[in-house]
There are 4 protein chains.
Amino acid sequence: VSKQSGEKIKVAISGATGYGGLELIHLVLEHPMADITYLASHSSPGKKLEEIYPHLSGLGLTMQPIDPEQITKSADVMLMALPAGKSSELVPALLDKGMKVVDGGPDFRLKDPEAYPKWYKFNHPAPELLKEAVFGIPELHHDEIVNTRLVAGPGCYPTAALLAMAPLAKAGLIEAEVIVDAKSGISGAGRTTLKVPYLYTEATQDVMAYGFPAHRHLPEMEQEFGLALGVTPQVLFTPHLIPMTRGILATVYAKVTAESNQEALLECLSDHYKDSPFVHVTDISPHTKWTQGTNHAFVSVRLAPDGKTAILLCAIDNLGKGLSSQMVQCMNLMFGLDEATGLRTRAVYP
Amino acid sequence: VSKQSGEKIKVAISGATGYGGLELIHLVLEHPMADITYLASHSSPGKKLEEIYPHLSGLGLTMQPIDPEQITKSADVMLMALPAGKSSELVPALLDKGMKVVDGGPDFRLKDPEAYPKWYKFNHPAPELLKEAVFGIPELHHDEIVNTRLVAGPGCYPTAALLAMAPLAKAGLIEAEVIVDAKSGISGAGRTTLKVPYLYTEATQDVMAYGFPAHRHLPEMEQEFGLALGVTPQVLFTPHLIPMTRGILATVYAKVTAESNQEALLECLSDHYKDSPFVHVTDISPHTKWTQGTNHAFVSVRLAPDGKTAILLCAIDNLGKGLSSQMVQCMNLMFGLDEATGLRTRAVYP
Amino acid sequence: VSKQSGEKIKVAISGATGYGGLELIHLVLEHPMADITYLASHSSPGKKLEEIYPHLSGLGLTMQPIDPEQITKSADVMLMALPAGKSSELVPALLDKGMKVVDGGPDFRLKDPEAYPKWYKFNHPAPELLKEAVFGIPELHHDEIVNTRLVAGPGCYPTAALLAMAPLAKAGLIEAEVIVDAKSGISGAGRTTLKVPYLYTEATQDVMAYGFPAHRHLPEMEQEFGLALGVTPQVLFTPHLIPMTRGILATVYAKVTAESNQEALLECLSDHYKDSPFVHVTDISPHTKWTQGTNHAFVSVRLAPDGKTAILLCAIDNLGKGLSSQMVQCMNLMFGLDEATGLRTRAVYP
Amino acid sequence: VSKQSGEKIKVAISGATGYGGLELIHLVLEHPMADITYLASHSSPGKKLEEIYPHLSGLGLTMQPIDPEQITKSADVMLMALPAGKSSELVPALLDKGMKVVDGGPDFRLKDPEAYPKWYKFNHPAPELLKEAVFGIPELHHDEIVNTRLVAGPGCYPTAALLAMAPLAKAGLIEAEVIVDAKSGISGAGRTTLKVPYLYTEATQDVMAYGFPAHRHLPEMEQEFGLALGVTPQVLFTPHLIPMTRGILATVYAKVTAESNQEALLECLSDHYKDSPFVHVTDISPHTKWTQGTNHAFVSVRLAPDGKTAILLCAIDNLGKGLSSQMVQCMNLMFGLDEATGLRTRAVYP
């Protein structure tokens, strides 16, 4: 179903009260070829959007119930930003009625149904869809995304790490054992999770590691890194919370293979991303501020003096390329549009 | 010279190394009816933009010298974000060759030439242009902006204060004596002024008043407030620096006239801005975060229990509506476009 | 009961899970003449302090129930940091058994019992104590504090405003009608109030006015300002939340009397605070960062060019001089110690 | 020269205009057994301290010239916080006259004189003192510090990393090849280095890696880690700047030896620090906020699921344990005092 004719894509969004959903609304409002036609909310059907987000006043948007019947009547595609276990209850019905889905949650990221009870504490209600779902990083799965009806938008950490690791793994330049030390802004914790550590007073002027050595983003990181390598990888992943709102910097330590050197590493990345409108390979150290509010990513690599370990760096906006704008990038491909439609904007800086 | 035909406006920008110029670049890049055709820099001609701002890599923009000959050949309009005293040396030559100018600096804001040596320590080189220049708040001077070739973009503080005060003054609802207590983010201090108080370590976790009781934005605030009132006003202005990057909140204390009451005040503002795409009147307290990265403003008013003093509030982004996006809004009007062209985006939130 | 003999004051603290109580613990731990002998908690009796605050590990402190019997056996004085309506239920029993009390909450600040149902939504259970309670700003009520058994620690905003206003009012240099525009850090909202606006993501990079024109700190501000003036004052009070953890800057706009001028104003303040170890009068603009983590205050005054309005500025730490360290200063006086005992430390800077 | 008799240590401080020197002043002012008797400044002799730091007003401290004659007459010990290459010009003269020295700069940290031209671009003027100088981490070099006249205060990053790594290395529980991924607040960049990246607007809401793979703190980290191991180590060190003022979190990835397991690792650290007043071993993830403004450190260790890599974490205040308070801890030992004298204070929190 190409939309190149000029007809706009009709978009349903769910999870609007959270930051992921809010970013989706922001992006579709900016999108020249898409309109929001349904705003679904578990918690607040009937509420006007501007009651929750006064900065969106005057747009006339109102939350509606999660009703598959209504949604499928109103929209061509649903962009979902829901907690684990929520979207998989809804997606089969949407697909059955011919809708496309980009799910920003974890429900369709992992190929192995057994992983869900283990990592997410629920039994997957639609395991047959896991094979069909495409892992939604267009720079790694472009053609599959073009041809699917169901995209599983990856987690923010895996996006950052994989943009740096996957091309080098495919090219045989790094080994299967890596350490991912990631630094994330607080918005990853969401808006609806009210916990003391996320208070301004607690989170500002502080840094800490958390959720290691078994963060939920680990299995998808391993799954996709393994795909790129062709062998089972071993990923050690330590996320950190740092006092900023948006942004993730992934610092990846990877042993290099015998064929590798500084030039080969940088060239491999430059080559892989040479036509990408979003992923910029740089020989200086990337800042997350360069990506603020955007779908852009900055990737770099430097070989340690010992010649054995490569330090890979990737900076993204965790709510942008790490979540919502990447979902829109996937939607663009699913509807035959240029992947950059509505997404070219550079960072709000400073 | 209307551009409604579809031909794009050719835009020259100066002051690109500072935050005002950077924001102009960001906005014109997003603008569907304008292109950057000349990037002028005093300090760095020949330098690639991405050497200074790596987040703008891949756009192929290079700084060029400040050469009126070249500029007038390349562009229809110049958007200038320069320190006091710089633009007035250049503007006469640009106007002579038929260009339009939107000056974001103070050189053409004040009608009285004597004010320049007093407030800005330079003798104005083109005092004859002061009468012609239009003070660039479209919500207050719409028709004059449409018809001028020279707009003086107002200061960030005056923009915030006047959006709240001017309509009430015109309607005779407030008196001539007001107190403006304003809170600004640090980006107002710019990027090229390297001083200890603007270091992260000094500016974070701190607040202070500064530049009172005689800040340079005072005379233009008085000039424009006086115009709205019809009499000479008395403005007491105390700006404060607070630890955030963007945003100004102006809290204005105004004695109300006998005709005034809560309803009348709010209705006056609502009425004045009823067709504005950018100024939103609200009965809740405005947050600067609602305006982050945008041309939007949120205005409110509350009468104190004594019934005598009105508390006016206006939130803007000091680099947006307070500087660069307002300049683009003026440019739109000068070229016959809808004033909101390229500027509708809502806040990057959170 | 003087403790100058060398015997340490035995201190009970309540409200330890909040920021006010935490600051009290911090201060008494530092105090050379006082020991924590009882840590009372409504919510977490039996819990180790380090389970809530790991930075206080190894000190062996454990929460105990709110049991007046136990408390009076264990301590000479109770320092209370509780929400409105909580301390007044407990204080009569403590006083009856001969304890002294410094209450950091609002329960004993207002002289008029009718004010409690109006401003705090509870009927005062011990109105007879309101006359006896001393408003705990030592710079204004030194002798009464020395001689009382019950101090009502003032709110953070009133402390900041009154340190600047009261001496000038007493000296007849300012009029009865003032505007207090105050900027506060987020810690004033506490740690136990989990609300969306206090999340890091929401509170950072934002400013807004709130709770006007009828904030709960208004009546005590008027009460004490009125005492200093000798007449009923009229205070317009607008608090603002700004993105920092600690600190309040009060910017006060006061009409001056005929006898007043810049010199007289500054001299009056300098004279009033000439022997104060904590209140520093300065002719430059005070920063809240100068007070971070301390009991110090910086006060300044500048007459506007019209010669009619004085701009008073006072910077304090809202959890220090604005709450807990001022309570300890009062305790020192109540036990015959030098008021600065244990409190001389200067700001952690930067 | 023990000072246990009660006579106070007379302390000279240099580098007072920077943050390290400021912290030294703060600490010696708090110290019950030490007085500041000389405040030396290259840049501002004759200036009152409060002209630079108004929060230290009323203390009567004035900068004096760097005059070894005067300094040795006035003080028992000099605490120096100077840029590389400065202290080594002065120290020989001070030692000759019988003074003790704690140098917070790098001039005496490295045992190999050849390292100075390589890493710091100067030829060491007093290489004979390098052998004598003691690396100033009391938890690793207690007895040598007690007995020396010259302490080389370590860098902030090495302090954080070594507190976690050294005991495990000594115990043979980790291998010689480690990765140190460190996150530092901005104050490490100092106050006198005015550069664009350290502006509030640039540094806030951003994170980046810098100075890798060859940061100046690498050689001392390798030297001391090698000492603990007994073999030449291989350290890969990546520092990051994060948007906060104070604090370093070091995340260290170390391969464990065959004898190692989770219990052994934690027990080794607990045992090593069981009598330390400052280093707290915890089984939860340490926050830098726990150390704000203090000499405390929080250390933890967790074995990865593969059983082969240990993740070590250490949180300190980079200006406290990472610089100035550790220097005072060393001074205490050099003068026969309890190492914790004047340093017990816990974090200003939040």
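Just so we're on the same page: letters track the sequence lines, and every chain starts at 1.
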Checklist entry - Checking heavy atoms, do the side chain of T201(A), its backbone, both or neither come under 4.5 Å from chain D? => result both

Item to check | Pick from G185(D), A214(D), S300(D), P243(D) with the largest number of heavy-atom pairs that fall under 4.5 Å of chain A | outcome: P243(D)

Checklist outcome for this item: Ranked by heavy-atom pairs below 4.5 Å to chain A, first place among V207(D), I242(D), L313(D), L249(D) goes to V207(D)

Next on the checklist: So for T291(A), is it side chain, backbone, both, or neither that comes closer than 4.5 Å to the heavy atoms of chain D?
Outcome noted: neither

Item to check | Heavy-atom side-chain contact between D181(A) and T238(D) under 4.5 Å | outcome: no

Checklist entry - Parallel, tilted or perpendicular: which fits the ring planes of H217(A) and H215(A), with parallel below 30° and perpendicular above 60°? => result perpendicular

Checklist entry - Heavy-atom distance under 4.5 Å to chain D: side chain of L199(A), backbone, both or neither? => result neither

Item to check | Region of F212(A) that comes under 4.5 Å of a non-hydrogen atom in chain D | outcome: both

Checklist entry - Can you tell me if E202(A) and Y349(D) form a side-chain donor-acceptor pair at under 3.5 Å? => result yes

Next on the checklist: Between T204(D) and K289(A), is there a side-chain donor-acceptor contact under 3.5 Å, judged purely by atom types and distance?
Outcome noted: no

Checklist entry - Would a 4.5 Å heavy-atom cut-off, applied to side chains only, mark L163(A) and Y273(A) as touching? => result yes

Checklist entry - In terms of heavy-atom proximity below 4.5 Å to chain D, should A315(A) be classed as side chain, backbone, both, or neither? => result neither

Checklist outcome for this item: Residue from R246(D), M244(D), Q292(D) scoring the most non-hydrogen pairs under 4.5 Å with chain A is M244(D)

Checklist entry - Relative to the ring of Y157(D), is the ring of Y210(D) parallel (under 30°), tilted (30 to 60°) or perpendicular (over 60°)? => result tilted

Next on the checklist: Counting only non-hydrogen atoms closer than 4.5 Å, does L303(D) touch chain A with its backbone (N, CA, C, O), its side chain (CB onward), both, or neither?
Outcome noted: backbone

Item to check | Aromatic plane relationship, Y53(A) with H55(A) - under 30° parallel, 30 to 60° tilted, over 60° perpendicular | outcome: perpendicular

